[in-house]
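For ligands, and for the atoms within them, numbers begin at 1 and follow the listed sequence. Side-chain atoms are counted along with the backbone in the values below, which use heavy atoms only and exclude waters and symmetry mates. These numbers come from a predicted model, not from an experiment.
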Amino acid sequence: MAWRIRQMTARDVPEVASIEAASFGDPWTAGMLREELTQDMSWHVVASESHSGVAGYLIGRTYPDEWHLLNLAVAPGERGRGLGGVLLDDFLDAADDSCAPVILEVRPRNREAAGLYAGRGFETIGIRPQYYSDTLEDALVMEYSPGTGRSAKGLVGPVLAIETSCDDSSAAVLTAKGEVLSNVVHSQDAIHERYGGVVPEVASRAHVERLTAVVSEALRQASCDIGDLGAVAATVGPGLIGALLVGVQTAKAIAWSHRLPFIPVNHVHGHLAAVWLADPEAPFPMVTLVASGGHTSLVRVDDRRTFTLLGQTLDDAAGEAFDKGARLLGLGYPGGRELDELAETGDPGAFSFPIGLQRSPSLDFSFSGVKTSLYYLLRDMTEGERKERAADVAASYREAIVSALVGKTLRAAKQAGAKTVAVAGGVAANSLLRRRLLAEEGEAGLHVVVPPFAYCTDNAAMIGAAALSASVVQYPGYLALDASASLALGQWSVPGAG
Ligand code: KG4
Ligand code: ZN
């Protein structure tokens, strides 16, 4: 569900007071909050998800020539989902419109909050000695000048995006309007083939060896110098931590060298952004199936930065099921594509493969059982049968996986009232999956987007597309920013966001 921001009323005061008490050493009391609601030029809003209580709030004053941000807090259980940034952006958007600078005080030890403000373009302009009554700490005074290009909306110059979350080293250059000028991908498939899977340490080393050349080539193809760039973006998670670190450090170093802003991107947001990279006009809300070797998730997308997880695999990813199936059938590595090609020549009704959670009302998936059934089926065949029936086996196996994916995707789209249904991730290359989804175009007014293959498998162009609607972190706010192996959907790892 998307955050909804609305005016704070007296009825919200008890909840707001308890978040205050949980957030600050010198919290405002309920009485002070009630008093604030009656003040002239007071800005007071709360954010909540529908049917739930106050998740966060922002209080400020909108004086004629200068706005003050007084209190911004997020309930402890809601932190880490970017809500602080959402409330702040809402306030700063209004300040931009009124051409008003914004002033605030923050505790120097509260590095998360200072990072959040620095990320939106606030600069430290002074110190108020012994400002806080509880600890007598000094306050940092920070100022925001209206229209400082806080979000990617205001970027001048193109974005260089880097993706290294798994086994593809990729760099792309996009204009600030989202046009892809280059998208260079160096796949490590040949390196991992002999192990039958991605070896994390080997992947990290291969990224170190190749990334500089991949970045140079992306800049060359875009006819762009580092000096022309408006920002540098990189996948900061989720993924293999060693692999992510190579991309994040490279991107930060390039940004630092030219004092450029940095845009941290969640890898799954990148896969979701492939949809508007392919079709910028696709209407919201959309339900997107992200299916790759590492993920299988159904996501409701309300706008370019609001995502809700509707369901996910409880065990193997769909791509993993294809790859393990391909391996049992003696096809290549990773194998999804080869299995798909073989399946085109077989009978999908020849065998039946049970799929977990198929009849369950939940939108979660389970693919660990299907490969076990395949193992037993092949084990009980003779060598000759295995050869002769390979195409029928592949077609039936693919049918089972694709039916599960398409069935739940369409059900989710219906439940969410989606106008667009889309698929992204490497498995979106599957020919049966593409056909089944495209056949739904126009059904009940549904629009279907199946991005070109190059934007489905891991690539930096989709990371750049996600960066253009993510939060920009100005120099030097990103120097302490790190990669994270396990970012959840909706998190984008801006220091202190939320
Ligand atoms: O998105 P991706 O490049 O990397 C990950 O993040 O995993 O996806 C790769 C996955 C592999 O599992 C691969 O076998 C699968 O996508 N894949 C396919 C097809 N082409 C690639 N699976 C089924 N059918 C295909 N045609
Ligand atoms: Zn991926």
What protein heavy atom sits nearest atom 22 (N) of ligand 1, and how far away is it?
Gly336 CA, 3.7 Å
Quick one: does any side-chain atom of Lys252 pair with a main-chain N or O of Leu481 as donor and acceptor, under 3.5 Å?
yes
The test is salt bridge (charged side-chain N to carboxylate O under 4.0 Å, His left out); show your working for Glu443 and Lys414 and say whether it passes.
CA-CA 11 Å; Glu443 286 289 319; Lys414 202 165 172 197; over 6 Å; no
Charged N to carboxylate O under 4.0 angstrom, Arg389 versus Asp392?
yes
Has Thr345 got a side-chain atom pairing as donor or acceptor with Leu342's backbone, closer than 3.5 angstrom?
yes
Which atoms of ligand 1 sit under 4.0 Å from any heavy atom of Gly294?
7 (O)
Would you say Ser396's side chain and Phe351's backbone share a donor-acceptor pair under 3.5 angstrom?
yes
Would you tell me whether Thr288 and Arg300 have side-chain atoms, one donor and one acceptor, within less than 3.5 Å of each other?
no
Give me the nearest non-hydrogen protein atom to atom 21 (C) of ligand 1 as residue plus atom name, then the distance to 0.1 Å.
Gly426 O, 3.5 Å
Among all protein heavy atoms, pick the one closest to atom 10 (C) of ligand 1 and tell me residue, atom and distance.
Gly293 N, 3.5 Å
Can an N or O of Glu320 be found at a distance shorter than 3.5 Å from an N or O of ligand 1?
no
Spell out, as yes or no, whether a donor-acceptor pair under 3.5 Å connects the side chain of Asp228 to the backbone of Asp225.
yes
Atom 26 (N) of ligand 1: closest protein heavy atom, distance to 0.1 Å, is Asp340 OD2, 3.0 Å
Ser52 side chain to Glu49 backbone, donor-acceptor under 3.5 Å:
yes
Looking only at protein heavy atoms, which one is nearest to atom 6 (O) of ligand 1, and how far off is it?
Asp458 OD2, 3.1 Å
Nearest heavy atom to atom 3 (O) of ligand 1, choosing from Thr457, Val198, Asn430, Asn459, belongs to Thr457
Salt bridge flag under 4.0 Å for residues Arg327 and Glu320:
no
Decide yes or no on salt bridge (charged side-chain N to carboxylate O under 4.0 Å, His left out) for Glu440 and Arg435, but give the supporting numbers first.
CA-CA 9 Å; Glu440 298 296 320; Arg435 281 200 296 274; over 6 Å; no
How about Ser170 and Asn459: does a side-chain donor come under 3.5 Å of a side-chain acceptor?
no
Sub-4.0 Å atoms of ligand 1 with respect to non-hydrogen atoms of Gly319:
12 (O)
How many protein N, O or S atoms are found at a distance of less than 2.8 Å from the Zn ion (ligand 2)?
3
Contact atoms of ligand 1, heavy-atom distance to Phe322 under 4.0 Å:
22 (N), 23 (C)
Nearest neighbour in protein (non-hydrogen) for atom 11 (C) of ligand 1
Asp323 OD2, 3.5 Å
